[in-house]
> 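Input: one structure, supplied below.
None of the values given here were measured: they were computed from a predicted structure. Reckoned from all heavy atoms, side chains included, excluding hydrogens, waters and symmetry mates. Here is the naming used below: chain letters follow the sequence lines, and residue numbers restart at 1 for every chain.
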Amino acid sequence: MTLRLFDTYARAVRDFEPLDPSEVRMYACGPTVYDYAHIGNLRTYVFEDILRRVLEFNGYQVRHVMNITDVGHLVSDADTGEDKMELGARRAGKSAWEIADYYTQEFRQDLNRLNILEPTIWCKATDHIPEQIEMIRCIEAKGFTYRTSDGIYFDTSHLADYGHLARLDTSGLRAGARVDKGEKRNPTDFALWKFSPPDQKRQMEWDSPWGIGFPGWHIECSAMSAKYLGTFFDIHCGGEDHVPVHHTNEIAQTEACHGTRLANFWMHGHFLLFEQAKMAKSAGDFLRTQTLIDRGYDPLAYRYFCLGAHYRAKLSFTWEALDAAATALQRLRTTAHDWGQPGKANLTYVNRFKGQINKDLNMPRALAVVWELVKDDLSPSIKKATLLQFDRVLGLRLAEWQPEEAVIPREIMALVEEREKARSAKQWKDADELRERVRQAGYEIEDTPKGPKIKVAKQERF
RNA sequence: GGCGGCGUACCCAAGUGGUUAAGGGAGAGGUCUGCAAAACCUCGAUGCAGCGGUUCGAAUCCGCUCGCCGCCUCCA
C-alpha cells in the first residue's frame, strides 16, 4: 500500500519513496524560543508528529531533526526589526540565553503533554554559528551575496526560479509598498548575516569574516539540515506561513550553495482558527496547553481534536468542539480499558486504517475506522490489539490509561454510606436527598451492581 | 490593490463526478435503573452559501453573486 503525501513544491499528492531505503530523513522547523507556544503553533507539531508516526507505521526508520531558533529571528522580516530573543530577554529582565533555555524547556513540556515524539536530533542555532558562517561563505563564493551597511544579503534576482515553492510572482510584488526596502536591491532579498549595531553590544553576537554580528533567520535551517540530513533529504515541513518567505529562502540558499532544492517533499500544516481568525500571539486570546489544563482538559483531548480535521484544512477551535473531543477520547479510553488484554490484531481493520493514513494522512477517516472497530462485534481482545496498533499513529496513550481513583473525602463517604442504608431500607426520598447533598459537594454517585462509585462531578466550563 | 483558500446538520469535520452525503460531540426517543448516571440501541442534512451552466449524472467541474479567512508585515 503506497504512502501518498501532498508536496507543496509540486502542488500535488505524490507517491512517497524514500531517497535512502534504510532511513527517511525529515526536518521540521522548530520554535523561536522567545515566548510560550500556543495551541495554534502546536497544531503544526501534532501534524508533524502524525507524519512521523505514519512513516514509522509504514516500516521506515525516521531521522527527525528539529531546530531551536534562539537567535536572529527579527521582529520584522524586512530585516530591520529587533531580534526576538533580545526583545524577549529585555521584557523579562533576563539574559537572552536564559530566555532561550526557559522557553525551550516549556516547549518540550508541551510536546510531551501532547504525546508528540521528540525529534531524533535537536539543534540550536547558536550551537551552529560556524556551520552557518561556512554556508554563507559558500553562497558568497558562488556570487549570490552583496553587502550593505547593516549586513550581508542574498540577491534573489540571481536565481531564475526564486520563489517557485510559493509560486511567487516577483514582478507583481510591490517593492516597498508596506515595508521599507532599505538598501536591499530586490524586495525579496534577505539577510544572511547582520552586523551588530556599531554603538551597541548585543547579548548574542559572534565574529565572522564580515564583521561582528549574528546570522539571519533562514540560514540556520539550511546549514543545520545539511549537517544532519545532507543537502537533499526526504521531507521538510512546517507551518503554512513558512511557504512564501522562510522556506522559499531556505531553498534559495541551498540552491545557491549546493544546487539542490533541499527536500524531496515540502509539507505544511494549516492554521488553527480561533473566533474566525488565525490564532496569533498578538491577539489577546492566546491559548496554551497550560490554559487547557487550567480549564480541566487533558491536553490529549486537544490532540484528539486536531485529529478530527485534515492537516491541510483550517481548523476552527471552539470550546464546544474541544468538549466533543474530550468526551470522545474518554469514551475510547474507558471502552478500550474494559476490553482487557490484547490478543491478535485484525488485519482487515489494520489495512483499512493504513489505507486512510497513507492517503495524505487522512486522520478524520482513520478515526471513523476507529469508531467502526469500537462498534464491531469482534472479540474484545482482537479489538484491543487492533486499536493499540492504531494508537501507534494516533498517539493517544490508550495502552497506559487507567481509570482515575479519585480520593473521596471522608465526609462524602459518610454521606454515601448513609444513602446506602436509606436505599436498603427503600427510603427513596432520603436517598435522593443524600445524592443531592453529595452532588452539591461536587461529587456524583453512580450505582453499580458492585455498589456505589463516586466520581468528581464534571465541571461546568462556561 | 494583487495572489491563494474556504463556506457541508446545533458544534467540530470527512467526502472533490456515479450505490442510501463518513465519523465524533450535542440533542430527541428507547432499553436498563427505585430514581439517576454510565452503557447500549434507534433517529437525525431529499440536501452540501445563493443563482445559473456543463453532464446521462455535481457538494464535487465552469461562471456570477454574497459571506468569511490567509499571504503580500512577525507568524505554526
Side-chain angles (χ1 to χ4, degrees), chain A residues 11 28-32 34-35 37-48 73-78 80-82 84 87 166-175 177-180 187-188 217 237-246 268-273 276-282 304-332 334-335 338 356 359 362-372 374-375 422-423 426-429 431-432 435-436 439 444-449 452-453 455 457-458:
Chain A
R11 295 287 158 94
C29 278
T32 301
Y34 70 105
D35 201 346
H38 63 238
I39 60 173
N41 300 129
L42 292 167
R43 183 188 178 201
T44 295
Y45 298 102
V46 170
F47 143 62
E48 288 160 353
H73 196 159
L74 304 181
V75 170
S76 155
D77 205 39
T80 53
E82 190 173 7
K84 286 190 170 182
L87 182 69
R167 305 294 191 265
L168 285 186
D169 174 9
T170 43
S171 64
L173 288 177
R174 298 194 297 175
R178 299 179 68 174
V179 179
D180 185 11
T188 48
W217 174 35
C237 40
E240 58 170 323
D241 51 318
H242 281 158
V243 174
V245 178
H246 185 51
H268 298 93
H270 284 229
F271 287 138
L272 181 77
L273 266 37
Q276 290 190 320
K278 95 177 175 181
M279 184 166 287
K281 292 184 180 176
S282 50
Y304 185 100
F305 167 75
C306 289
L307 299 182
H310 192 264
Y311 76 91
R312 247 169 345 98
K314 304 199 184 323
L315 171 57
S316 294
F317 179 87
T318 64
W319 291 104
E320 189 181 356
L322 186 62
D323 273 340
T327 304
L329 173 60
Q330 198 55 24
R331 277 188 54 207
L332 203 54
T334 53
T335 304
D338 292 347
Q356 296 301 346
K359 209 178 291 171
N362 194 333
M363 298 315 293
R365 280 284 174 181
L367 276 184
V369 175
V370 167
W371 287 102
E372 213 179 304
V374 168
K375 289 176 184 165
R423 289 186 70 214
K426 295 194 191 295
Q427 292 166 339
W428 307 127
K429 207 175 160 192
D432 290 347
R435 176 198 285 288
E436 186 52 33
R439 182 177 299 142
E444 287 289 346
I445 301 172
E446 236 181 79
D447 292 324
T448 74
K453 266 171 65 179
K455 332 186 283 190
K458 230 175 154 179

> Looking only at heavy atoms, what is the nearest atom pair of A:A166 and A:P244, with distance?
CB-CA, 3.6 Å
> Please give me the minimum heavy-atom distance between A:Y45 and A:G30, naming the atom from each residue.
OH-C, 3.3 Å
> Between A:P31 and A:Y311, who's closer to the 5' end of RNA chain B by nearest nucleotide?
A:Y311
> Starting at CH2 of A:W319 and ending at P of B:C10, how long is that distance when rounded to a whole Å?
24 Å
> For nucleotides B:A14 and B:A21, find the distance between their C1' atoms and express it as a whole number of Å.
10 Å
> For B:A14, does OP1 or OP2 lie under 4.0 Å from any side-chain N or O of A:K359?
no
> Determine: side-chain N/O of A:N362 to OP1/OP2 of B:G23, distance under 4.0 Å, yes or no.
no
> Tell whether A:R167 reaches the base of B:C3 with its side chain through a donor-acceptor pair below 3.5 angstrom.
no
> Of the listed nucleotides (B:G24, B:C71, B:G34), which one gets closest to any side-chain atom of A:P244?
B:C71
> Just verifying a value: how many Å separate A:D432 CG and A:Q427 CD, rounded to the nearest 0.5 Å?
12.0 Å
> Mind checking if A:L272 touches a base, just sugar-phosphate, or nothing, with heavy atoms under 4.0 Å?
base
> Which heavy atom of A:P452 sits nearest to which heavy atom of A:I445, and what is that distance?
CB-CG2, 3.9 Å
> Do other residues, nucleotides or ligands put more than 12 heavy atoms under 6.0 Å from the NZ atom of A:K314?
yes
> From B:A36, B:A14, B:C69, pick the nucleotide closest to the side chain of A:K314?
B:C69
> CE of A:M363 versus C1' of B:G15: gap in Å, rounded?
17 Å
> Specify the separation, in whole Å, of atom CZ of A:R439 and atom C1' of B:A36.
7 Å
> Please state the P separation for the pair B:A49 and B:U8 - nearest whole angstrom.
7 Å
> From C-beta outward on A:K278, which listed nucleotide comes closest to its side chain: B:C71, B:G24, B:A14?
B:C71
> In plain terms, say whether A:K278 and A:D241 are close enough for a salt bridge, that is, a side-chain N and a carboxylate O under 4.0 Å apart.
no
> Under 4.0 Å between any heavy atoms, over every strand shown, what does A:G238 touch: base, sugar-phosphate, or nothing? Just pick one.
sugar-phosphate
> When rounded to the nearest Å, what value does the distance between P atoms of B:G4 and B:U46 take?
35 Å
> Quick check: any donor-acceptor pair below 3.5 Å linking the side-chain of A:D447 to the base of B:C35?
yes
> Output the pairing pattern of RNA chain B as a dot-bracket string, 5' first, Watson-Crick or G-U wobble with both distances under 3.5 Å, | for cross-strand pairs, [ ] for crossing pairs.
((((((((.[[[..)..(....]]].(((((.......))))).....[[[[[..)....]]]]])))))))....
> Please report the interatomic distance OG1(A:T318) to CD(A:Q276), rounded to the nearest 0.5 Å.
12.0 Å
> Determine the interatomic distance between P on B:C6 and the same-named atom on B:U60; round to the nearest Å.
12 Å
> Using a 5.5 Å cut-off between ring centres and planes within 30 degrees, is A:W371 stacked on the base of B:G23?
no
> Which of these nucleotides, B:A36, B:G70, B:A22, is closest to any side-chain atom of A:R435?
B:A36
> I want to check something: taking the side chain as every heavy atom from C-beta on, are A:Y311 and A:V46 in contact at a cut-off of under 4.5 Å?
no
> From the list B:A76, B:C12, B:C35, which nucleotide is the closest neighbour of the side chain of A:H242?
B:A76
> Using the C1' atoms only, state how far B:G29 lies from B:C12, rounded to an integer number of Å.
25 Å
> Can you tell me the distance, in whole Å, between the CD atom of A:Q276 and the C1' atom of B:G70?
13 Å
> Taking atom C1' of B:G24 as reference, at what distance in whole Å does atom CG of A:L315 sit?
13 Å
> On RNA chain B, does the nearest nucleotide to A:A431 precede the nearest nucleotide to A:A277 from the 5' side, or the other way round? Give the residue.
A:A431
> Answer with base, sugar-phosphate or nothing: what part of the nucleic acid does A:F271 contact at a heavy-atom distance below 4.0 Å?
base
> Quick check: closest heavy atoms across A:G238 and A:F47, and the distance to 0.1 Å?
O-CE2, 4.2 Å
> The side chain of A:N41 lies closest to which of these nucleotides: B:C71, B:A76, B:C35?
B:A76
> Base, sugar-phosphate or nothing for A:A313? Non-hydrogen atoms, less than 4.0 Å.
sugar-phosphate
> Between B:G34 and A:D432, counting only base atoms on the nucleotide and side-chain atoms on the residue, is there a donor-acceptor pair under 3.5 Å?
yes
> For A:Y34 and B:A76, give me the distance from atom OH to atom C1', rounded to whole Å.
11 Å
> Give A:L322 one of three labels, base, sugar-phosphate or nothing, depending on what nucleic acid heavy atoms sit under 4.0 Å from its own.
nothing
> Pick the P atom in B:G47 and in B:U42, then give their distance to the nearest Å.
25 Å
> Which heavy-atom pair separates A:A309 from A:R43 by the least distance, and what is that distance?
CB-NH2, 4.2 Å
> Encode nucleotides 38-43 of chain B as B, S and - characters from 5' to 3', where the letter depends on protein heavy atoms closer than 4.0 Å: B to the base, S only to sugar-phosphate, - to neither.
-SS---
> For the atom pair CD (A:E444) and CD (A:E446), what is the distance rounded to the nearest 0.5 Å?
8.5 Å
> Looking at every strand, decide which applies to A:H268 at a 4.0 Å heavy-atom threshold: base, sugar-phosphate, or nothing.
nothing
> Relative to each other, are the rings of A:F317 and A:F305 parallel, tilted or perpendicular (30° and 60° limits)?
perpendicular
> Between B:A22 and B:G15, how far apart are the C1' atoms? Round to whole Å, please.
7 Å
> May I have the distance from A:E320 (atom CD) to B:G24 (atom P), rounded to whole angstrom?
16 Å
> Taking the C1' atom in each of B:G50 and B:A59, what is the distance between them to the nearest angstrom?
14 Å
> Take atom CZ of A:F305 and atom C1' of B:C12, then tell me their distance rounded to the nearest Å.
6 Å
> State, with a plain yes or no, whether a side-chain heavy atom of A:Q356 is found less than 4.5 Å away from one of A:V370.
no
> Does A:R365 get its side chain close enough to the base of B:G23, under 3.5 Å, for a donor-acceptor pair?
no
> Mind checking A:A321 for me? I need base, sugar-phosphate or nothing, with any heavy atom below 4.0 Å counting as a touch.
sugar-phosphate
